[in-house]
Amino acid sequence: MAPGLEEYLILSALLFSIGLFGAITKRSAVVILICIEIMLVAVNIALVAFSRFITPVELTGQAFAVFVIVVAAAEVAVGLAIILTLYRQRHTIDTKKVDLLKW
Amino acid sequence: MNSMPEMLTWIIPALPLAAFLMLLLLMRPLKIKSNLNGYVSIAATAMSFFFSTWLLVNIVQTAETKFIPGFSWLSLEGAIDIQVGLIVDSLTAIMLVVVTLISLLVQIYSLGYMHGSKSLNRYFAFISLFTMAMLGLVMADNLLIMFMFWEIVGLCSYQLIGFWFHRPPAARAARKAFFITRIGDFGFLAAILLIFNATGTFNISEVHSLAASGVIAGTTITWACLGIFMGAMGKSAQFPLHTWLPDAMEGPTPVSALIHAATMVAAGVFLVGRMYPLFEHSEAALTTVAVIGAITALFAGTIALAMNDIKKVLAYSTISQLGFMMIALGLGSVAIAIFHLFTHAFFKALLFMGAGSVNHSTGTFDMRKMGGLARPMPWTCATFVIGSLSLAGIWPMAGFFSKEEILLSAFNNHPLLFVLAIIAAFLTALYIFRAVFMTFGGQVQSRFKPHESGKVMVIPMSLLAILAISAGYFNATGGFLKLLGDDHTHSWIYGIFGVLGHPLAWASLLIAGSGIFLAYAIYQRRWISSRKIARRFGFFYTIVFHKYWIDELYEKYLGNKLLNSGLFNLFNKFDSKVVDGTVDDVARLNLNSSKILRLVQNGNLQTYAMAFMIGVAALALMVILVN
Amino acid sequence: MGLQIAFWVLALIAVGSSAGVILQKNLFRAALLLVVCFLASAGIFVTLSADFLAAVQVIINVGAVAILIIMSIMLTREVTRGSPSNRLGAPAFVISALIVFILVFSILTTAWPISGAEPAQPTTSVLAQILIGDPGFILIIQMSAILLLSTIIGAIVLMKEK
């Protein structure tokens, strides 16, 4: 029997939670970015699964996934630029030591 | 002479005020440093003097009390309505003339004495302000307004004592004068409030009539009178609030002559005189006045014996003479007190000017460093001796007549007070002639090259000397006292010569004469060594030399022990522990709670993300549970 | 049957590699595990008959994003410091578990309007129709272009030496 929508969505939920856990707990900015990528992948899986099982002909979900990928790419580019700038100025990308938002 | 238009009365205090404003707002910005400052204020005072004299002549002719309506100053519907107006009666008119005349002469004298001094602008400005306030004080028909002028007078006294504020003793003396008179002022203010509470009015004549009709009576009136007298004690330097006046001698000598001899210190006597209809209803208050006056007269007289600073001698003499006036008031006669105030103003101002002239020439106030000044300074010497004779009460000087009235009144009313007063009179003659002989008698100290002061100083002194002789003759027919309410008219021949028929006159002359002779024996001829006397009466001398340790008592015990380390310390502790403590605790509570709350805003984005996720989870749970 | 085996194997690889990303102490290996995760998700796209997206996933995520991340790891010399965690571990785990629970619960309780139609094969022309066809997302495509342009400019500005 082929896997149904629920299986895909549960897989997506698991990946999302793992990414979330990593994004919250990791101190290295790059790893946080990686975890966010995992979360985006999880979302894409959910979108494509919806597309496959609910709109298999129109493929609206896949169109959404395309946009998510675009935004993810943009986000990675800017995020990494910020991380590198940060590293250049403070010689660390540890979020514990980068808490200027405090004031 | 024509009667003066009523509204012109306003011009009497307005002129010095105008001079003050002109000096302060016009001349000061223009940085005019010459005697022009003095001319402005002298001109204003001279005009005030002219109007005051005109007013006095009118009053003498008509002998009526005029109330000059002013304007409504403060009006609260149904609660309070304060009208500012002027009283013009004989008491006011006499005070006006005394104040303006002495102020005028002192200012002329100042032109010489203060010549070349810095900040002449400030000096004359405050003299003008003082003159204005003093005139306002004697004319005010309203207790509240009177109190305001009373305080302005105190302010000017403070400013002028501390005129050389860069000298620490002067600054200290100014502060002391301000504080100690403030104690008295507190009593005065309390009395005003008490009177207002009892009568609902500040108007002096209304208060008088209410007192006469018995609306205020009993303990209220006694407390009110004591409060008023407390104010008078502060301003007139009566025991035990007298300590500021000797220190006030740190101010320029003309200021001492004007404020601390003739006018401001007399304000206390005037105040009691003005409120006399209240005092008449309180036997206790009158007795207090008389007793305090007698104590002060005697007590200050003894201290004056031991002072070496000529101005200090005069200061204690002033305190003593003010005590005499208080005796007269306590014995029931405003007229006699004001008469003595009147003559005293002239001869004491004269004596101060003489002391200033001596200082101008020798550069010191210490009598031990003076001596033999009679020859190089004939005018100063002559006028000073005239003033001294008048103060000692020698016939036919002005002082004789006024003091004679006081002694007579004491003799008739209260034997104990009479004894105290006659001892004080003896002391008066002794200490003032001690000063005369120490200053003008004996040998010239070699290091000085004394010279007579300029005309601008000698002329006011000569005028005052004439008045110190003749001021008593205003009462030759009893007219002066009649003007103020005591009716004993007689011919002028009796007034001047007839008094000598009374044995009391001879007694007091004898007392004064023996005082002078004793001074002559000790300080001029040196038949008796003053050192030996000091040794013989060592205990007494020590007490007197240290002014009965009153200052030490106030400073060490009252000031330091009781107030500083006791009461104020307590207040300080209360303030720092309870008041500040509460504030601090509130702040600390905020600080600590924010320390906890701060963790929420720790600047770490991941914490925010987690909080965000908690919110998301909570919302989702809610949706699930609701469905 | 083959689809089922493929799904389970790929799902296992995806979950395992993403868990590895978190557990891995070595930053560089974490980045490599991300690549594995991307590849696994591309495989899952294939099982969902989204061939175009699978290719896009491989080209963009594996080819560009992962490389970018690896390069920045090397530039920041963070490898030596490893991948330490902060003190939020326990609450974050609870929250993540809670979210999984909530998601799974709602996934299982929702009645999905499953369409029984056969999926379009190949997807490329259909996607092109949707994205740039007449009733499609052409405006969003143009906005994506603007977004990418501004990203490029932004990255350049950020990295420019002062």
Side-chain angles (χ1 to χ4, degrees), chain B residues 28-31 166 563-627, chain C residues 14-15 18-31 33-34 37 65 68-69 72-73 75-76 78-114 147 151 154-155 157-159:
Chain B
R28 191 177 174 87
L30 291 177
K31 295 200 162 75
H166 44 82
L563 292 182
N564 271 358
S565 50
L567 201 57
F568 293 164
N569 197 18
L570 204 70
F571 288 162
N572 181 24
K573 283 225 176 89
F574 179 80
D575 194 48
S576 62
K577 294 276 150 63
V578 180
V579 179
D580 287 3
T582 315
V583 176
D584 283 355
D585 282 348
V586 170
R588 209 169 292 128
L589 186 74
N590 273 330
L591 195 69
N592 288 337
S593 54
S594 48
K595 254 180 200 160
I596 297 164
L597 283 174
R598 202 167 61 107
L599 295 179
V600 176
Q601 294 282 335
N602 64 354
N604 189 330
L605 268 177
Q606 290 167 302
T607 323
Y608 301 165
M610 201 173 88
F612 172 62
M613 278 303 154
I614 291 171
V616 169
L619 274 176
L621 265 180
M622 217 169 71
V623 171
I624 289 171
L625 291 179
V626 166
N627 287 345
Chain C
V15 171
S18 54
V21 167
I22 292 163
L23 298 174
Q24 185 56 253
K25 294 277 174 239
N26 189 318
L27 260 185
F28 197 76
R29 285 184 194 163
L33 282 170
L34 177 70
C37 182
V65 172
L68 211 55
I69 287 173
S72 62
I73 287 173
L75 279 173
T76 55
E78 280 288 307
V79 184
T80 48
R81 297 198 194 173
S83 171
S85 298
N86 58 18
R87 289 174 296 174
L88 293 171
F93 184 80
V94 172
I95 288 298
S96 304
L98 189 62
I99 284 177
V100 169
F101 168 75
I102 290 166
L103 285 175
V104 170
F105 180 79
S106 33
I107 287 163
L108 293 180
T109 51
T110 307
W112 300 104
I114 304 278
L147 173 73
T151 306
V157 168
L158 274 174
M159 293 307 295

Query raised in the report: Tell me, side chain or backbone of B:I614 under 4.5 Å from chain C's heavy atoms, or both, or neither?
Result: both
**Report entry** Verdict with supporting geometry, B:I624 and C:T109, side chain to side chain contact (heavy atoms under 4.5 Å, CB included)
**Finding:** CA-CA 10 Å; B:I624 289 171; C:T109 51; over 6 Å; no
Query raised in the report: Most heavy-atom pairs under 4.5 angstrom with chain C, which of B:A609, B:A617, B:A620?
Result: B:A617
**Report entry** Toward chain B, the part of C:I102 with a non-hydrogen atom under 4.5 Å
**Finding:** both
Query raised in the report: Nearest heavy-atom pair of B:M610 and C:P91: which atoms, and what distance?
Result: CE-CB, 3.5 Å
